[in-house]
Each structure stands twice: as C-alpha cells, then as structure tokens.
Amino acid sequence: MTAPREPGSTAAQQILFPDAPGVLAAGARATGLPVAGRVAIDHPTTGRPFAGSGDVEPGEIVPVEDPNDVRLARRATGLLAVFNRAGVLEAADVHVADRLGELGGEGDQTVRLAVALTVRALRGGSVCLALSEIPAVATDLPWPDPAAWASAVRGSPLVQEGGPLRFEDDLLYLDRYAEQEEQVCADLVARSAGPPPRFDPVLLRSGLDRLFTDPAGRQREAAEAAVTGWTTVLGGGPGTGKTTTVARILALVLDQPGPPLRVALAAPTGKAAARLQEAVQDATRSFDPADRDRLAGLTASTVHRLLGYRPGSRTRFRHDRDNRLPHDIVVVDETSMVSLTLMARLLEAVRPDARLLLVGDPDQLASVEAGAVLADLVGGLTDEPAAGTRTDAVPGAGDGVGGDRAGGDGLGGDRVGTMDRDRSETTGTAPGAGRPVRSAAGRVVILDHIWRFGGAVAELAAAVRRGDADTAVALLEAGEGGVSFSDELAALPGIQRDVVAADRAIVAAALDGDGAGAVRLLGRHRVLCAHRAGPYGVQWWSRRIERWIEEATGSGPSAEWYAGRPLLVTANDYALGLFNGDSGVTVRAADGELRAAFPRGDGTVQIAPSRLSEVQTMHALTVHRSQGSQFARVTLVLPPPESPLLTRELLYTALTRTEEHVRVVGTADAVRIAVGRPATRASGLRQRLRARA
Ligand SMILES: Nc1ncnc2c1ncn2[C@@H]1O[C@H](COP(=O)(O)OP(=O)(O)OP(=O)(O)O)[C@@H](O)[C@H]1O
C-alpha cells in the first residue's frame, strides 16, 4: 500500500526528479505550504496577539505547536524532528533531506540537517547554504559543531561526483543550482572571449556627440561600453536615466553600418515590459527624426515570451543553446527580478555574437525565486573587495537560514569597486572614477545622478540605500514633499480616502468599458505590505479595504466577477500570455459581458473570466510583487521590528515604487531596523565571476 503523501512532497519530488517541471523554490511556493500556525506578533490596532492563521514567511521561525500544523513532518526523527518542531524547518525541507539521505545512503543526521537547511535556504531565495556562516539563531537548538559538520558534509556520498548535492568552498548546493551558477559564469566569460563587436568608430563618435551632450557623463560611457562590448550591465536607481540611455544605445547600435539588426526588448513581468516599451518610445521624442525612425515600432515582451515557453515545462524554453534567439541585441530591463534559473536560460539562448544589455537597480529586492543575479553580476564583474560579499546567512533577517546575512554588501556602501556609492545622489556630482568596470565577462556601469525630480521621496530612498537611518527617519518625521509617516491608527482615515477614491475611478472606467483607463488607474494608489498573512499582511489589508469599499458603495460585490474588480495573476499562463504578478481589471465590454483587461503592448488584451483560473482580487500587494510597477501614491505598511522581512531592500524597493507620495505606516524603530539590515542572498556566483575575471 502506498503511504499517504505528506504536505510538501511535491517539492520533494521536484528535487528527486529534476526533469519534473519547476525548480524547488518555485515548487515549494506553488504548493504554498500553507501554515495554520500562530504568527507571533501583536495586532497593531488592538495590541492583542493576532489570532488569525496564515503562512509563515520564509525566514520566520515560529515553533510548531499544533499537531495538525501542516509544517509538521510527522515521520521526522532525530535532529530533523527537533529543528522541524522548532519551526526552523518545514515538512518539505525534512522530506527532501530524508529522501535524499535514503536514496544516497547517507544516515548522518547532521548531513541530513544541512541538506534540509539548504532546501529551506532555496525556499527563501538563496541559491545555496553557507555552512560555516549559519549564525547563532535559535541558540537553544543542538546545532552541530561547525568543523565536524563541514567534515561530515564533505565526506558524504551525497556530495560525491554524480551525487545530488555539491559542497564547494563551504557552500552546499543542490546540484542543479551549482550547475546553473557555473553555466551563467561560463556563458558570460565565453561571450567576451571572442573578438569584440565590429563597429565604425567614426559613426560611433558622431552618434555619441549627437545623443550625449555631456562628454564625460556616465550615460555616454555606458553607451560606448554597450556598443563596443558584447555584455553590459547598466545599473542605477529610479530616474537615473537607464531607459533614456537604453534608447540612445539602441539608436547608436542601429546607426552602425551593416544589415538591419534585430532588437529584443524584454522584462520579467508583463507590466515591466509594457513600461519599458513606453519609456523607450517616450525617450525617442527628443531624438532627431532619423534616430527616432530607427527605434520606431519597437515592442517589448516578457523574458518568458521572448524565450518561448514550452508546454509542460517551467524552466525550459523553445530558445536554448541549440536554438538561439535570432536577435542581434537583447535588452532586459528590471534584471533584479530575474532568478538564477531564468538568467541561465537567457544566457544560453542569446547568441554569443549578439549584444546583451542587462538593465536594473541592483539595490532592489531580488527575484522571488532563488538568486540575486543582478547584484551578483555587479559585485562579481567589478573589483569590489571580496570580503563580506558571498553569503549572508542570518535566519530572521530576510530569507532565513542560509538566506540573508546582515552586513555584507546589501545596499549602499562602496559596492561598485571604483565607483563612489556613498555620496549623496541628489547632488549630481560626477564621481571621479566612473569608468565602466571591465572584467573578462562583461562591463558594469552604474548611473547615479538622478535626473527626474523626486523630491523628498527620492532623498528618502537615497538615504535608505546608503544605510543612513538618521536622515531617513528625519525625512519621514519632517513629513514634507511627498512623504508622510505615522502609526496605523493615525494613518487609517487617509488610507481609506485614497483606497475609496481609486476604487471609484476604476469602477467608473470599468463600467464604461475603458480597459486601458481602468488598468492605468490601478497605478493611482496601492497598499504595499511586507507580509502576505497576519495583521501587517496583504490578506488582512485586502479584507479591510473590501470593507471600506462596501461601506462607501453601500453594498458588497454580489458575485466573484464584477466590473472594477482589480486582478492579480498568481501563476504563469503561457497560453493566455499572462504571467505571475500581472495585474488587470474586470471591465464591462461593449457586448455587455465582463472581461478581464490586462495591459498588452499599447493597449489591453481582454479575456473572458471563465478562462482565468489563477487570479486573485488585488487590493494590496506584497512589496516583492510590486517590483516592476510604479504608483502615484503608495501606502507602505511596515511590519514590526521583529519581522525577518524587514530589510533595507524591502524599504528601498517600496519607496522606489512611488511616483508622487509615499505614506509610511510604522514606527521609527522599524525604519531604523530596516535601514540597518541589508539582506543579501547566499550565492557563489559573485565568487565564480571574480575567479574567472
Ligand atoms: N542625460 C540626461 N539629461 C537630461 N535629462 C535626462 C537625462 N537622462 C535622463 N533624463 C530624464 O530623466 C528622467 C528619468 O529618466 P529615465 O526614465 O530614463 O530613468 P530610469 O532610470 O529609466 O527611471 P526608472 O527606473 O524610474 O524607470 C526622464 O524624464 C529623462 O528624460
């Protein structure tokens, strides 16, 4: 008889049967691993312990007390059982470790614990586990002696040639992630190994003079790097001119002699792709007609769509090493959202003789799935000191065990080797050493002059990024120029006003059948939370917002689908061309039927609700999901100081979603803790790149 499958075994199967669709992190998320455990924080308004049930976020350590808690691995024994009951490990982590142990003939409990922690780290976004850097959290637990532990792992059959894990330089990986890191590194190095792109230096010079008025500007240097090299990383915060520079780079490349070049513009989400397309076209407005014509009609797509999905596979695409993309220049925006797996697939699909331009803000939160590739590329392709760059394993600070590590090189700081990142961004002073940093595998240029006036919000984001908590709190407390700051009780009336006003406008547009207008209005105001569940989370806030809307309209929605329902796509649907994180609105179409309108190109695509399975009503968003979007007004609900999700990247990402006004709901303590807690993910990519540079 087959034993009943315990929760989490889906993720275990994906590890054990790597050909099954999905990577572990995605698999673990797709199962949701819902938890009915107590979230050990008090309700912000009542002050009483919050009694609702909900998911325990990656990194949260909430002991398993309820025997029916789905996190409990009932058959666990020994160390795994202890760490499971303590809330450090979930059922899936234990199942994978035990299964691999059984299959690989590894009975040592300490090795199985290391495997389970590696799986846990992946769930939190890290690529591997830094064994020696697991700090003293949950100090009452029987952590193995570090030296004996490392030696047991090193000698394990699981990490020997052909085994399912790898232990390299103190980092423990599931084999496929080590392979992906190696591949990313090897592909980047190979791209730069051959002769550089051919270009006409005279045309390039005149193009640079035409498009860039500042002869010493960093944008111009980025453009020169992108035209003369195969791989360029263009980083910078909001308003630093990344898209403007991309448009100018395209004009320069397309100005070069030779057959017409094929250009691909892509971003990880549909929303980000739509923004990229619009922003590139906007940027061409200041071009002379010949340059503008060169970029006319360029469209952007998601990276998944560009690579060509294959039915039944989440991690393999139609375009790969044997069937490369036809494009001569591939631009990827919002690269911070690209996971290690997706970067590996992209790099194998781009022709070695095609230019690749990776654009994004390395200081933002990393991808939902494992990896922090953009930050690793910036760190690995520059001469940043190696210390503190590899891994940060601080459970309780971001991604959890093997996940984030405080200190290190999160945001701000002198991160980009020769570039001074500590100076104030708002001054616009050109740093002395701003040349593109070259390595064997590509070039990095970080733009740091803010061209778009961002007022106090931009100053606040800059203070957060450079780790200046005093200035951040002072700007918040001053409450001027698009910033406000208060506790929840004081903030509620204002939030209610914003929510109801935005809803009314969306419903009016939806009833008019104006899909594009309704979708645009989604950008008017958004509540952003760190957590999904609990009193500071999206689910809680969504219920509250629904109540406000019901109060304002005098009735609740009479059906699941109604005109004006804001939608969030929660899983990729390749057939419909919808991707996890896409947002839309239900509208009443001309024929009187309801349709779900999602942005697509210049307009919207409208889909019958019956065809949509993986959508939710979107009244609030996690900060993670808000990446790639911007909103006129943002309400950021900070979690309490003890939340492991409260990191500098979280705060910075939320602030940089704001176009006009940000309302931060929380305490100065929470702000200080976030600013002081940069969280990077465990990964070996940066080290590999350095070693090959
Ligand atoms: N060199 C420049 N001189 C003058 N204005 C500039 C320059 N570069 C960019 N800008 C202006 O600054 C604004 C922001 O530029 P852009 O949209 O390219 O920045 P971005 O980094 O892509 O921003 P985001 O990440 O927020 O999309 C635009 O209005 C653009 O016209």
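This structure is a prediction, so every number in the text was calculated from the model and none was measured. Every number for a ligand or one of its atoms is a count from 1 in the order of the listing.
- Contact residues for ligand 1 (protein heavy atom closer than 4.0 angstrom to any ligand atom): Q219, G237, P238, G239, T240, G241, K242, T243, T244, R248, R275, W451, R452.
- In this view, R672 and D470 satisfy the salt bridge (charged side-chain N to carboxylate O under 4.0 Å, His left out) rule, not counting sequence neighbours.
- Side-chain contact check for T604 versus F598: every heavy-atom pair is 4.5 Å or farther apart.
- Remark: S626 pairs with L528, L621, V623, F631, R657 by the side-chain contact (heavy atoms from CB on, under 4.5 Å) rule, at least two apart or across chains.
- No side-chain donor-acceptor contact under 3.5 Å links D361 and S336.
- With sequence neighbours excluded, the residues satisfying salt bridge (charged side-chain N to carboxylate O under 4.0 Å, His left out) with D291 are R210, R294.
- Under the 4.5 Å side-chain criterion, counting only non-hydrogen atoms from C-beta, H525 is in contact with R663.
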